[in-house]
A.B. asks: 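Here it is, the structure in full.
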Amino acid sequence: MLEEMRMEKNIKRQVLVVDDEQINRDILGMIISRNYDVIYAEDGSEALQLIKENSRTLSLVMLDLMMPKIDGYELLTILHADDALRRIPVIVLTSEKSAEVKSLELGAADFITKPYDTPEVILARVQRSIQLAEDNVIIRATETDELTGLLTKEFFFQYCRQHDEYFPDLVMDAMVLNVNRFHLINDLRGRSFGNIVLTTMAGCIKNTVKQLEGLACRCESDTFYIYIPHSNDCPNKLNMLTEMIREKLGWRSISLRLGIYQEADRSIDVEERFDRANLACSRQRSIYGSSYCLYDTEMHKRELYHERLINEMDRALREKHFKVFYQPKYNIRGEMPRLSSAEALIRWFHPELGMISPGEFIPLFETNGLIQKLDRFVWREAAEQIRKWRERFGVTIPVSVNVSRMDMYDPDLESLLLDLVKSNGLDIKDYLLEITESAYTNDSSQMIKTVEKLRADGFQVEMDDFGSGYSSLNMLAALPIDALKLDMRFVRNISEGSKDMKLVSMMIEIAGMLGVSVVAEGVETEEQYRLLKNAGCDVIQGYYFSRPVPPEDFDRLIEKEFDLSLS
Ligand code: C2E
Ligand code: CA
Ligand code: CA
């Protein structure tokens, strides 16, 4: 790859000649400068400095052993001990045969004896050392992805950095290309067809980047990274690429999405530049046609905002800016709806930014592990709240808490929850756990094990956002759960005889057969309530009854329900 880049751009490999005698430097320079880009150092410390400055581009060091300050042996030792510099081969220049063994031990690649041989011999040795070192790099690691033959991510980033060094003035675009609903292609048409899609795409991408003098890799699964010189016609390129792939595949249903970070900022690392392109890629709405999205200042602002939330979480916890709200759930099986439990939902009251919705920070904290700390806070608050209500009103309001995917991998999860229940004197069945459906889809066997353990302890487990993922229905029979919470999107769209209503009825029916109760959330209207009641839904949560409210306000709901008036 780099070789091609060099040939096309007429770039010579860089060689450093280190010798304290001017005449020796001149002779070597004369011999090799026609084929190589030569830089010089007069002593070991100057050499070390140059090597560090040029560590990415330097192909070879030719090193005299006898020098003032740092001598050749010492320099060899330093280079050999340094992970980043060890890859640069060193040819030792010496007049003493006896120096050979010691130099070899210190990692030298080859020797050239003084007085110098014929220029041909020297050139051949230089070329061979460089070749060997480069082959070595290639052998040592898998540079290309087995399936597609494109670079692997690690090598891609390395080559991008090298590319930047060689073309410091070139303005580049970082692009992330992704197949829409690739998991469906795999599932509906088989993995081998999925692989054909990926290899075909890789072929087309390879052609394109070759033409445009760029680089590409397969990052993971169906995500490709592309680094090419900047242009303004990315939408056009996307169309051409989509067409090319459709034609080669002989299958027109494929659609792609492209995230572009144009004129990528060189002062940040390439990985970060691709993070930005990735962000743009994930921002896309349309999942049917091919589409693209540019990383822009708006996104940048959001990134900074997210960065701020991440940095401020700890302080906000300490300073009690997080508050737990409670939203009632009503059992609607009987004639009158009865308050049956509540869901604990977190709120962030930021002194400068105002109230921040969990929809904003929860997904963010789920990507970096902060969610665990926050969830533990909510769990503790919720357990204490059940106790407080019981002490105040003499009734038990069961509360459900949200358990993130990441919490499920926490080895202390079980003991932590058990401890909360015990220390607050709760009945275990009154402390409910909501686990989102998508948590199961990713690593179902591990999840099922954890859920089974928790249920064996006596916890009731609800599957949250049921129907939001896919393959939900066939998973249902295999899953150990007590209740499912229909995803709000279904509820939003139900009306007499509508497709979503039929789906909801069917899910309620299947749940009934499996002995799992059904909770509908996001119920806002009388009509939704009536339809769900008629379909046999057990429990309802939504603005129709109440929004999530602070515990003080929830007190009123309890008083009303149980006809208590204590305050
Ligand atoms: P979720 O668990 O599905 O919670 C239900 C969300 O629906 C809540 O949003 C609730 O306020 C909202 N909602 C309830 N009834 C209605 C309605 O009738 N109409 C509409 N439009 N919305 C309704 P919220 O509180 O903003 O929470 C959003 C999501 O954030 C939650 O979705 C949950 O995934 C997450 N979340 C909230 N608190 C926590 C927490 O303590 N831990 C974790 N891990 N996640 C939390
Ligand atoms: Ca929930
Ligand atoms: Ca939900």
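Whatever order the structure lists ligands and atoms in, that order sets their numbers, starting from 1. Computation of the quantities below employed the complete heavy-atom set of this structure, encompassing side-chain atoms and omitting hydrogens, waters and symmetry-equivalent molecules.
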A.B. asks: Side chain, backbone, both or neither: which applies to Leu374 and ligand 1 if a contact is any heavy-atom pair less than 4.0 Å apart?
C.D. replies: neither
A.B. asks: Could you tell me whether Ser357 and ligand 1 have an N or O pair separated by under 3.5 Å?
C.D. replies: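 N/O-N/O distance under 3.5 Å: no.
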A.B. asks: In Glu434, which N, O or S atom comes closest to the Ca ion (ligand 2)?
C.D. replies: OE1
A.B. asks: Evaluate Arg492 for polar contact with ligand 1, using N/O atom pairs at a separation under 3.5 Å.
C.D. replies: no
A.B. asks: Looking only at heavy atoms of Arg347, does any of them come nearer than 4.0 Å to an atom of ligand 1?
C.D. replies: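 Per 4.0 Å heavy-atom rule, Arg347 contacts ligand 1.
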A.B. asks: Check whether any N or O atom of Tyr544, backbone or side chain, sits under 3.5 Å from an N or O atom of ligand 1, and answer yes or no.
C.D. replies: no
A.B. asks: Answer yes or no: is there an ion pair linking Lys388 with Glu391, defined by an N-O contact shorter than 4.0 Å?
C.D. replies: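 No, Lys388 and Glu391 are not salt-bridged.
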A.B. asks: Within less than 3.0 Å of the Ca ion (ligand 2), any N, O or S from Glu521?
C.D. replies: no
A.B. asks: Taking distance alone, with no angle check, do Asp465 and ligand 1 share an N/O pair under 3.5 Å?
C.D. replies: yes
A.B. asks: For ligand 1, indicate whether the residue Ile346 contacts it via side chain, backbone, both or neither (heavy-atom separation under 4.0 Å).
C.D. replies: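 Both parts.
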A.B. asks: Yes or no: does Glu343 have any heavy atom under 4.0 Å from an atom of ligand 1?
C.D. replies: yes
A.B. asks: Taking all atoms of both residues into account, what is the closest heavy-atom pair of Arg257 and Val179, and its distance?
C.D. replies: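 Taking Arg257 first and Val179 second, the nearest heavy atoms are NH1-O, 4.1 Å.
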A.B. asks: Scan the protein's non-hydrogen atoms and note whether one is under 4.0 Å from atom 39 (C) of ligand 1.
C.D. replies: yes
A.B. asks: Measure from the Ca ion (ligand 2) to every N/O/S atom of Glu343 and report the name of the nearest one.
C.D. replies: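 Sorting the N, O and S atoms of Glu343 by distance to the Ca ion (ligand 2) puts OE2 first.
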A.B. asks: Does even one non-hydrogen atom of Met488 get within less than 4.0 Å of ligand 1?
C.D. replies: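 Under 4.0 Å: yes for Met488.
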A.B. asks: Of all the atoms in Asp464, is at least one N, O or S atom closer to the Ca ion (ligand 3) than 3.0 Å?
C.D. replies: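 True for Asp464.
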A.B. asks: Tell me the closest heavy-atom pair linking Gln446 and Met408, and the distance in Å.
C.D. replies: NE2-O, 4.4 Å
A.B. asks: Hey, is Glu360 close enough to Arg302 for a salt bridge, meaning N to O under 4.0 Å?
C.D. replies: yes
A.B. asks: Suppose we measure from atom 8 (C) of ligand 1 to each protein heavy atom; which comes out shortest, and what is that distance?
C.D. replies: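 Residue, atom and distance for the closest contact: Leu345 CD1, 3.9 Å.
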A.B. asks: For atom 5 (C) of ligand 1, which protein heavy atom lies nearest, and how many Å away is it?
C.D. replies: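 Checked against all protein heavy atoms, atom 5 (C) of ligand 1 sits closest to Glu521 OE1, 3.2 Å.
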A.B. asks: Counting only nitrogen or oxygen atoms and a 3.5 angstrom limit, does Gln541 reach ligand 1?
C.D. replies: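 Among all N and O atoms of Gln541, none is under 3.5 Å from an N or O of ligand 1.
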A.B. asks: In this structure, which one of Lys533, Arg333, Lys329 forms a salt bridge (charged side-chain N to carboxylate O under 4.0 Å, His left out) with Asp538?
C.D. replies: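 Between Asp538 and the candidates, salt bridge (charged side-chain N to carboxylate O under 4.0 Å, His left out) is satisfied uniquely by Arg333.
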A.B. asks: Does any part of the side chain of Glu343, heavy atoms only, come nearer than 4.5 Å to the side chain of Glu462, both counted from C-beta?
C.D. replies: no
A.B. asks: Could you tell me whether any N, O or S atom belonging to Asn402 is less than 3.0 Å from the Ca ion (ligand 2)?
C.D. replies: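 Checking the Ca ion (ligand 2) against Asn402, an N, O or S atom does fall under 3.0 Å.
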A.B. asks: Which bit of Ile371 is near ligand 1, meaning a heavy atom under 4.0 Å away: side chain, backbone, both or neither?
C.D. replies: side chain
A.B. asks: To check your reading of the model: name the closest protein heavy atom to atom 28 (C) of ligand 1, its residue, and the distance in Å.
C.D. replies: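 Going by distance alone, atom 28 (C) of ligand 1 is nearest to Pro358 CG, 4.0 Å.
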A.B. asks: Closer than 4.0 Å and a protein heavy atom, does any atom meet both conditions relative to atom 24 (P) of ligand 1?
C.D. replies: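 Yes; the ligand atom in question has protein heavy-atom contact below 4.0 Å.
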A.B. asks: Would you say the ring centers of Phe322 and Phe361 fall short of 6.0 Å from each other?
C.D. replies: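 Centroid separation for Phe322 and Phe361: below 6.0 Å.
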A.B. asks: Please list the nearest protein heavy atom to atom 46 (C) of ligand 1 with its residue and the distance rounded to 0.1 Å.
C.D. replies: Ile362 CD1, 3.6 Å
A.B. asks: Tell me: protein heavy atom nearest atom 20 (C) of ligand 1, and distance?
C.D. replies: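 That would be Glu524 OE2, 3.2 Å.
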A.B. asks: N/O to N/O below 3.5 Å, does that happen between Asp375 and ligand 1?
C.D. replies: yes
